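Okay, structure first, notes after.
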Amino acid sequence: MDKYNFKEIEKKWQKKWEDANCFHAENDSEKEPYYALIEFPYPSGQGLHVGHPRSYTALDILARKRRMQGYNVLYPIGWDAFGLPTENYAIKNKIHPKIVTKKNIENFTRQLKMLGFSFDWQREVNTTDPSYYKWTQWIFLQLFKHGLAYKQEMPINWCTGCKVGLSNEEVVNGVCERCGSEVVQRRKSQWMLKITEYAQRLIDDLDDVDFIERVKTQQTNWIGRSEGAEVEFTLTTGDKITVYTTRCDTLFGATYVVLSPEHSMVKKLLPMLKNADQVEKYIENAAKKSEFERTELAKDKTGARLDGVNAINPVTNEEIPIFISDYVLVTYGTGAIMAVPAHDSRDWDFAKKFNLPIIEVVSGGKNVLEEAYTDVTSGTMVNSGFLNGMSVKEAIPAMIKYLEEKGIGKKKVNFKLRDWVFSRQRYWGEPIPLVYCEKCGWVPVPESELPLELPEIDTFEPGENGESPLAKATDWINTTCPKCGGKAVRETDTMPQWAGSSWYYLRYMDPHNNEALASDSALKYWSPVDWYNGGMEHTTLHLLYSRFWHKFLYDIGVVPTKEPYQKRTSHGMILGENGEKMSKSRGNVVNPDEVVNDYGADAVRTFEMFIGAFDQSTPWSEKGLKGCYKFLERVWNLQEMLTPSEELSKDLEKAVNKAIMKVSDDYEKMKYNTAIATLMSLVNDFYKKGEVTKGEYRILITLLNPVAPHITEELWEKYGNTPLLALTKWPDFDKAKTVDDEVEIVVQVNGKIKDKITVPKDIAKEELEKVALDAEKVKQALDGKTVIKIITVPGKLVNIVVK
RNA sequence: GCGGAUGUGGCGGAAUUGGCAGACGCGCUAGACUUAGGAUCUAGUGUCCCCGACAUGCAGGUUCGAUUCCUGUCAUCCGCACCA
């Protein structure tokens with residue numbers, strides 16, 4: 001027998017699969033479709049991370065198993081290739097991002113092929129390919145035409161040194177990552193998408209899909225629906241401010257009002273203030289901080305009083321002070337709050353710091369001067385006029401009714417979700433296909449002119465005033481208005497990387513279609529994606545964005561389903577050997593090329609599945625990888641113990657049937673680590689016996705095939721009875737042969753284990769209890785005590801309770 | 001700060017959904033084979049005061065019985081809207 005030579009075997013089978021074209025999915029098949037999807041990678045310059053194959057192997061196992069179960073399986077791959085790192089690399093090295101992208105994709109392709117994934121390479125898509133982004137632009141135009149795209153002034157990070165806009169990632173501790181200069185917030189007009197219009201549906205329709213629970217809760221919380229009220233406060237100047245509150249029941253306890261520093265009323269009031277200088281200074285400081293910093297640093301509250309103007313509490317008619325503070329965000333609610341320090345802990349902190357009155361209006365908690373009482377489930381209204389004696393639950397609708405009757409407030413549902421900032425002042429993204437005409441305003445580029453391709457330019461740096469690099473392509477910018485034929489200019493902003501990844505799963509269904517993003521028949525046949533696996537970190541952005549686009553496409557009749565993905569699961573991260581996140585700077589990066597070269601793709605795949613619970617992050621271990629290699633070698637060496645029998649041997653048929661049942665089920669539940677443990681145990685059983693029949697060996701090889709496809713194909717070629725294992729039927733098990741005739745029963749006394757007894761599996765309850773009481777060690781434990789009761793769980797245990 | 005998760009031997013982890021804690025692998029120990037071993041095979045391996053007791057971050061609670069359920073607490077990780 002030859003030694004296990006993974007290098008030869010893996011090369012051989014990768015070529016055979018390619019020649020046989022056996023992983024290609026046909027659109028006009030009679031078979032039932034199955035669509036397995038992994039998040040397509042961003043082809044970075046670093047090449048594949050060992051984290052990628054974790055997700056890809058997991059769904060490769062599913063895809064391979066489904067094929068063996070007779071499905072027409074679509075398991076596609078592509079490239080999410082627009083993005084910042086490529087652009088920055090291009091700027092630094094003065095290469096066109098297109099060239100960098102091409103090189104990176106070639107490297108990724110080589111690495112993915114070396115790992116033996118059963119991707120349908122004929123359906124490869126690339127978001128930077130004009131024939132792809134033609135349809136990204138087309139979808140944007142439909143959004144625009146349906147009023148879901150609009151322009152708005154939004155803050156951007158502005159580097160005072162480089163004089164360019166920066167992404168959040170490029171801002172480190174408030175300074176520019178590249179030059180170290182101070183970063184401030186600047187306002188710029190940006191394209192926005194109205195995802196908020198879909199907020200309610202994005203929550204509701206989670207009921208109809210099979211997403212893991214934490215994805216659902218995280219999305220629901222991110223969308224952040226809250227029911228509350230808007231209340232109008234009149235100022236001593238006669239102006240009016242509307243605040244949003246979820247606790248309008250506490251209005252009698254509102255002892256001051258807080259505006260966000262950007263609130264428009266602040267500007268208006270500024271000339272009337274006694275301390276205008278101080279207020280202006282506070283606004284200036286707040287402008288430097290990002291929203292994240294503000295909420296993070298909000299432990300120690302800061303603020304400034306608008307000295308010289310007060311608000312009037314509409315129910316007590318008392319004058320109360322107005323503050324600005326950066327713990328109030330302009331982007332949420334109305335950008336203004338009524339502060340009730342007795343019943344909100346943030347307000348309480350602020351009130352303590354600024355010595356403001358704290359008035360209890362809900363009783364039932366501790367002294368409100370010591371801490372805020374925020375419970376809404378118990379407590380009674382006090383000091384609250386007509387609300388006195390009510391519970392919080394009763395007081396809220398009563399107050400809303402009062403406010404609505406007086407015309408100074410109304411019920412209001414708010415969402416934390418904000419509209420999607422869709423503009424980037426960057427080169428390496430899809431051009432936004434709009435032109436601006438003095439006469440006609442923003443006009444869409446005719447669909448017949450799509451794709452609107454990126455212009456060729458020499459340098460890719462952002463412009464001086466925070467403009468996109470496209471602003472330098474003067475020939476490209478100046479155009480005519482598609483509507484009136486007059487002079488017009490193109491939009492120079494590009495789309496965010498999220499755009500192309502919001503609909504790529506649709507393109508896979510029909511990737512070469514020039515007439516539509518995909519044909520109706522292809523969409524109907526494949527939709528929705530049956531199983532989508534990806535990282536938890538994409539839950540609130542990518543996953544939500546693509547659900548939003550899909551719902552819009554459903555509304556305009558392009559796609560046949562309300563939701564894009566039927567099932568969503570998530571993998572954990574693979575950390576460095578030291579338990580920290582893998583990164584170049586930490587020096588703990590594992591290179592897939594090296595480990596595949598040393599141990600083979602099958603061993604790497606097996607280890608990535610065996611490494612730990614699939615949804616948990618876990619450190620890499622070269623020793624562990626070696627253990628998996630050893631396991632494959634043991635599978636290989638079983639050839640020496642092979643007997644010619646096609647049958648299962650009597651003493652192992654239970655173990656084999658149990659393994660089929662357990663492994664089949666574990667793959668479905670993504671419990672890959674225990675599936676592999678089961679196969680390891682089976683191999684141990686074979687070794688213990690010293691021989692294995694051909695029939696047993698075939699089942700082992702078939703069960704292992706989805707995880708380690710190369711070695712198992714090689715062994716199948718020698719001992720199987722069909723041409724390709726990949727096209728062979730998945731094994732069934734005999735249910736009767738998965739149950740043991742005798743079971744071991746645990747006997748406890750007062751919950752402590754005293755003995756174990758072996759009994760027939762169908763033993764009667766009374767009989768079992770009798771046998772349990774008879775056990776030697778149990779007798780000893782019962783000596784001199786009274787039996788109170790006996791709890792019996794058939795097939796498991798007997799617990800004797802004594803006194 | 002807000003939202004989501006996690007915590008079990010020396011290490012990665014397992015435990016059919018409240019019923020034998022530690023499957024499987026790594027590491028370690030001993031033996032066999034060997035000129036040799038960072039190869040292979042076999043046996044052992046939670047801790048201790050070892051016929052018994054104690055052990056699933058910590059402190060309580062519910063239960064005949066808790067890694068699993070509840071309350072509190074500590075620690076770590078992920079996301080926070082222009083990274084992908």
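Atoms considered below: every heavy atom in the structure, side chains included; atoms not considered: hydrogens, waters and symmetry mates. Within every chain, numbering begins at 1; the chains are lettered A, B, ... in the order of the sequence lines, protein sequences first and strands thereafter. Note that the structure is predicted; figures quoted are calculated from it, not measured.
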Table of protein N/O atoms under 3.5 Å from nucleotides 14-18 of chain B N/O atoms:
from: B:rA14; atom 1: OP1; to: A:N673; atom 2: ND2; distance (Å): 3.0
from: B:rA15; atom 1: OP1; to: A:K671; atom 2: NZ; distance (Å): 2.8

Has the side chain of [X] got a donor or acceptor atom that lies under 3.5 Å from a matching backbone atom of [Y]?
| X | Y | value |
| --- | --- | --- |
| A:N799 | A:I791 | no |
| A:D419 | A:M192 | no |
| A:S583 | A:R586 | yes |
| A:S501 | A:W498 | yes |
| A:S189 | A:E153 | no |
| A:R426 | A:S423 | no |

- Item | Contact under 4.0 Å: A:K752 side-chain N or O vs B:rG19 OP1/OP2 | no
- Message: Is A:S617 close enough to B:rC78 that one of its side-chain N or O atoms is under 4.0 Å from OP1 or OP2 there?
- Response: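 The answer is no; no side-chain N or O of A:S617 sits under 4.0 Å from OP1 or OP2.
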Whole angstroms only, please: what is the [atom1]-[atom2] distance between [X] and [N]?
| X | N | atom1 | atom2 | answer |
| --- | --- | --- | --- | --- |
| A:R418 | B:rC82 | CZ | C1' | 12 Å |
| A:M192 | B:rC82 | CE | C1' | 12 Å |
| A:L166 | B:rC83 | CG | P | 11 Å |
| A:I574 | B:rC78 | CD1 | P | 15 Å |
| A:R54 | B:rG12 | CZ | P | 14 Å |
| A:Y545 | B:rG79 | OH | C1' | 13 Å |
| A:L679 | B:rA23 | CG | C1' | 14 Å |
| A:N168 | B:rA84 | CG | P | 11 Å |

- Strictly under 6.0 Å, is that where the ring centroids of A:F40 and A:Y504 end up?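 A:F40 vs A:Y504: aromatic centres under 6.0 Å.
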- Item | Where RNA chain B forms stems, i.e. three or more consecutive Watson-Crick or G-U pairs with both distances under 3.5 Å | B:1-7 with B:74-80, B:10-12 with B:24-26, B:27-32 with B:40-45, B:46-48 with B:52-54, B:57-61 with B:69-73
- Query: ring-ring contact (aromatic ring centres under 6.0 Å, His included) with A:F350: which residues, sequence neighbours excluded?
  - Reply: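 Counting only residues at least two positions away or on another chain, A:F350 forms a ring-ring contact (aromatic ring centres under 6.0 Å, His included) with A:Y256, A:F323, A:Y327, A:F354.
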- Item | A:I611 or A:E170, whichever maps to the more 5' nucleotide of RNA chain B |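 Of the two residues, A:I611 wins.
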- Query: Closer to the 5' end of RNA chain B via nearest nucleotide, is it A:R424 or A:R214?
  - Reply: A:R214
- Query: Is a salt bridge present between A:K151 and A:D493, judged by a nitrogen-to-oxygen distance below 4.0 Å?
  - Reply: no
- Message: Please determine whether a side-chain nitrogen of the Lys or Arg among A:D685 and A:K689 lies less than 4.0 Å from a carboxylate oxygen of the Asp or Glu.
- Response: no
Could you work out the separation of [N] and [M] based on their [atom1] atoms and round it to a whole Å?
| N | M | atom1 | value |
| --- | --- | --- | --- |
| B:rA15 | B:rU76 | P | 27 Å |
| B:rC70 | B:rA43 | P | 43 Å |
| B:rG10 | B:rC74 | P | 26 Å |
| B:rG65 | B:rA21 | P | 15 Å |
| B:rA14 | B:rC51 | P | 33 Å |
| B:rC48 | B:rG72 | C1' | 31 Å |
| B:rG60 | B:rU68 | P | 15 Å |
| B:rA23 | B:rG13 | C1' | 10 Å |

Closest approach to the side chain of [X], judged atom by atom: which nucleotide of [options] is it?
| X | options | result |
| --- | --- | --- |
| A:L797 | B:rA81, B:rG19, B:rG3 | B:rG19 |
| A:V421 | B:rC82, B:rA84, B:rC20 | B:rC82 |
| A:E537 | B:rG4, B:rG12, B:rC78 | B:rC78 |
| A:K416 | B:rG13, B:rA84, B:rC2 | B:rC2 |
| A:K581 | B:rG12, B:rG79, B:rA84 | B:rG79 |

- Task: Quick one: which residue pairs count as a side-chain hydrogen bond (donor to acceptor under 3.5 Å, both in side chains) with a foot in residues 536-549 of chain A, not counting sequence neighbours?
- Result: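 Listed by first then second residue: A:E39-A:H538, A:Q219-A:R547, A:Y532-A:H542, A:S546-A:Y565, A:R547-A:E563.
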- Message: Can you classify the ring geometry of A:Y4 versus A:W636 as parallel (below 30°), tilted (30 to 60°) or perpendicular (above 60°)?
- Response: tilted
- Give me the ring orientation class for A:F140 and A:F422: parallel if the planes are under 30° apart, tilted from 30 to 60°, perpendicular past 60°. parallel
Touch class at under 4.0 angstrom, heavy-atom based, for [X] against every strand present:
| X | result |
| --- | --- |
| A:I156 | base |
| A:Q190 | base |
| A:L541 | base |
| A:D80 | sugar-phosphate |
| A:L417 | base |
| A:I753 | sugar-phosphate |
| A:H538 | base |

Distance only, no hydrogens: is a donor on one side chain within 3.5 Å (strictly under) of an acceptor on the other, for [X] and [Y]?
| X | Y | result |
| --- | --- | --- |
| A:E577 | A:N588 | no |
| A:S55 | A:N533 | yes |
| A:E430 | A:Q497 | no |

- Task: Just label B:rC51 as syn or anti from its O4'-C1'-N9-C4 or O4'-C1'-N1-C2 angle, using within 90° of 0 for syn.
- Result: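 Glycosidic conformation of B:rC51: anti.
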- B:rG9, syn or anti by chi within 90 degrees of zero: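 For B:rG9, whose glycosidic angle is within 90° of 0, the conformation is syn.
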Which atom pairs link the protein and nucleotides 60-64 of chain B when you take only N or O atoms and keep those under 3.5 Å?
from: B:rC64; atom 1: O2; to: A:N799; atom 2: ND2; distance (Å): 2.2

So which protein N/O to nucleotides 24-26 of chain B N/O distances come out below 3.5 Å?
from: B:rG25; atom 1: OP1; to: A:N684; atom 2: ND2; distance (Å): 3.1
from: B:rC26; atom 1: OP1; to: A:K630; atom 2: NZ; distance (Å): 3.2

- A:E608 and A:R54: CA distance, side-chain angles, deciding distance, salt bridge (charged side-chain N to carboxylate O under 4.0 Å, His left out) verdict: CA-CA 6 Å; A:E608 296 228 3; A:R54 194 178 195 191; 5.8 Å; no
